[in-house]
Amino acid sequence: MRRLLALFLLCAAPLAQAAELRELRLWDGPESTRVVFDLNAAVKHEVFALSNPERVVIDITGLDPQAAAQIGKVAGKGLVQRVRSGPRSGGLRVVLEVSESVTSRSFLLAPNDEYGHRLVVDLSGSARSAPVAPPPDPALRLQDKPIVIAVDAGHGGEDPGARGSSGLLEKDVALSVARKLVRQINRQPGMRAVLTRDGDYYLGLRERVNVARKSQADMFVSVHCNAFHKRDMHGTAVYVLSGRGATSEQARWLAQKENAADMVGGVELHGKDDELAAVLIDLSQSATMEASFDVGSRILRSMGKVNTLQKSEVQQAGFAVLKAPDIPSVLVETAFITNAREEKLLASDDYQDKLADSILAGIQGYFQSYRPKQQMVEADNHLQKAVATDGPGGQLLDTGFTQGVSQ
């Protein structure tokens, strides 16, 4: 009997130590679908794809096989049409039936204040791509360029950002204020806005900047809420890129300048030697940072009429979303979500409108001084678009074409 009991305990031990599945979440974005396994302990995993029909297999070692019943109740979303699972040696096999051939990326996340252990699988389909602004009418002559503002709602999806004492989430406030700002911008003649994310899904920091670049944005504004462990901390702040952040970004662009798609200030870096490329990047960055300070100061002054300011001057930090070397970029910390009074204000629809209005006023003030231009050049009986755009701070960066001849 003792031997049988010992054998039973020995067999049961691995099961007792197996990780439990707390929740399986699917987040759908315009470029990818994210699958998140919320666990109470670390696991090992392997991901691979199968065809005919298209599916993604996730073998999770160390996961309690009883999680299969819970997984079977999860509905498909985005690229994932159906989720099914079954026990396998040492854990569980999860099969994602997908609508098309996908590429997958997976990684493990350690516990934080919001979640425990997580296994994240990102799926990208070939048909999905970020929205691209339509090309301008080739028949246009020299005229004011429509101003395009990329509005970035901070955090999203699996990344909630900061949380207020009432449960208000930064990601929700940021998206609401961003949408209001976009609506306000789109009401202005000659202005158009694009959202980096328009839903509750995760978007990488570099992806947010890429959306702005693909949309040919003239400015990038990222909306956030501030947070601090001291509940009495309050006020609004505006950030631009720090000098250290600019230096690291210059090195990054220089390292990948052979990518023909890399352009800075309308100048293609491909084919330029390192010294010339570094000068071009530095010139563009210097003008961009000057413009960022300018618009950041205007936004800060305008927002000071809506809320007290945490800092009376524009602050600098190495935020990744501010690193586009040719797009003036600012990050707005609307208010402290961890402050009871400001959290209540941030939850107010009327107050969010006031925040959006004050940000817009700062943006408009900047472009009243620096209106981008777009030039059309006619040569050899056909029209070609010159990349003759007034750069940040009103600086002409490049003409793109000279008398119809490509540079």
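If you read the sequence from its start, that first residue is 1, and numbering goes on from there.
Between R192 atom CZ and S215 atom OG the span is 6.5 Å, to the nearest 0.5 Å. For the atom pair D172 CG and I337 CD1, the distance stands at 8.5 Å (nearest 0.5 Å). Annotation: the span from D353 atom CG to L181 atom CG amounts to 11.0 Å, rounded to 0.5 Å.
Using a 4.5 Å heavy-atom cutoff, the side chains of F107 and D122 are in contact. No side-chain heavy atom of T33 sits less than 4.5 Å from a side-chain heavy atom of V102. The shortest side-chain heavy-atom distance between V94 and F37 falls under the 4.5 Å cut-off. Looking only at side-chain heavy atoms (C-beta outward), F367 and I149 come within less than 4.5 Å of each other. A 4.5 Å side-chain heavy-atom check between H117 and L108 finds every atom pair outside the cut-off. Considering only heavy atoms from C-beta on, V36 stays 4.5 Å or farther from Y115 through its side chain.
Not counting sequence neighbours, R22 has no partner by the salt bridge (Lys or Arg N to Asp or Glu O under 4.0 Å) test. Every residue two or more places apart in sequence or in another chain that forms a side chain to side chain contact (heavy atoms under 4.5 Å, CB included) with E20 is listed here: N40. Under the rule for a side chain to side chain contact (heavy atoms under 4.5 Å, CB included), the partners of D357 that lie at least two apart in sequence or sit in another chain are Q184. With sequence neighbours excluded, the residues that form a side chain to side chain contact (heavy atoms under 4.5 Å, CB included) with Y202 are R34, D159. For S166, the side chain to side chain contact (heavy atoms under 4.5 Å, CB included) partners at least two apart in sequence or on another chain are L168, E343. Contacts of R208 classified as salt bridge (Lys or Arg N to Asp or Glu O under 4.0 Å), with partners at least two apart in sequence or in another chain: D152. Every residue two or more places apart in sequence or in another chain was checked for a ring-ring contact (aromatic ring centres under 6.0 Å, His included) with F220, and none qualifies.
Formation of a donor-acceptor pair under 3.5 Å by the S176 side chain with backbone atoms of V173 is not found in this model. Counting only distance, with no hydrogens or angles, the side chain of R197 and the backbone of L203 share no donor-acceptor pair below 3.5 Å. The backbone N or O of F228 lies less than 3.5 Å from a partner atom in the side chain of T338, making a donor-acceptor pair. Remark: side-chain polar atoms of S302 are paired, donor with acceptor, to backbone N or O of S358 under 3.5 angstrom. Under the 3.5 Å distance criterion, the side-chain polar atoms of Q316 are matched with a main-chain donor or acceptor of L241. A donor-acceptor pair under 3.5 Å links the side-chain atoms of S297 to the main chain of F293, judged by distance alone. A side-chain donor-acceptor contact under 3.5 Å links S292 to the backbone of S329.
Here the closest heavy-atom approach between residue V98 and residue Q81 is recorded as O-OE1, 3.7 Å.
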Can you give me every donor-acceptor pair (side chain of residues 44-54, partner residue at least two apart or in another chain, under 3.5 Å) with its distance?
from : atom 1 : to   : atom 2 : distance (Å)
H45  : NE2    : S106 : OG     : 2.9

What side-chain donor-acceptor pairs closer than 3.5 Å can you find for residues 304-314, not counting sequence neighbours?
from : atom 1 : to   : atom 2 : distance (Å)
N307 : ND2    : T236 : OG1    : 3.1
N307 : ND2    : E342 : OE2    : 3.2
Q310 : OE1    : N226 : ND2    : 3.3

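Screening residues 155-187 for ring-ring contact (aromatic ring centres under 6.0 Å, His included) gives H155-H224 as the qualifying pairs, with residues at least two apart or on separate chains. Here salt bridge (charged side-chain N to carboxylate O under 4.0 Å, His left out) pairs that include residues 222-241, with residues two or more places apart or in two chains, number zero. Sorted by first then second residue, the salt bridge (charged side-chain N to carboxylate O under 4.0 Å, His left out) pairs that include residues 74-90, not counting sequence neighbours, are D59-R88, R82-E97, R84-E97.
The number of heavy-atom neighbours closer than 6.0 Å to CD of Q66, taken from other residues, nucleotides and ligands shown, is 12 or below.
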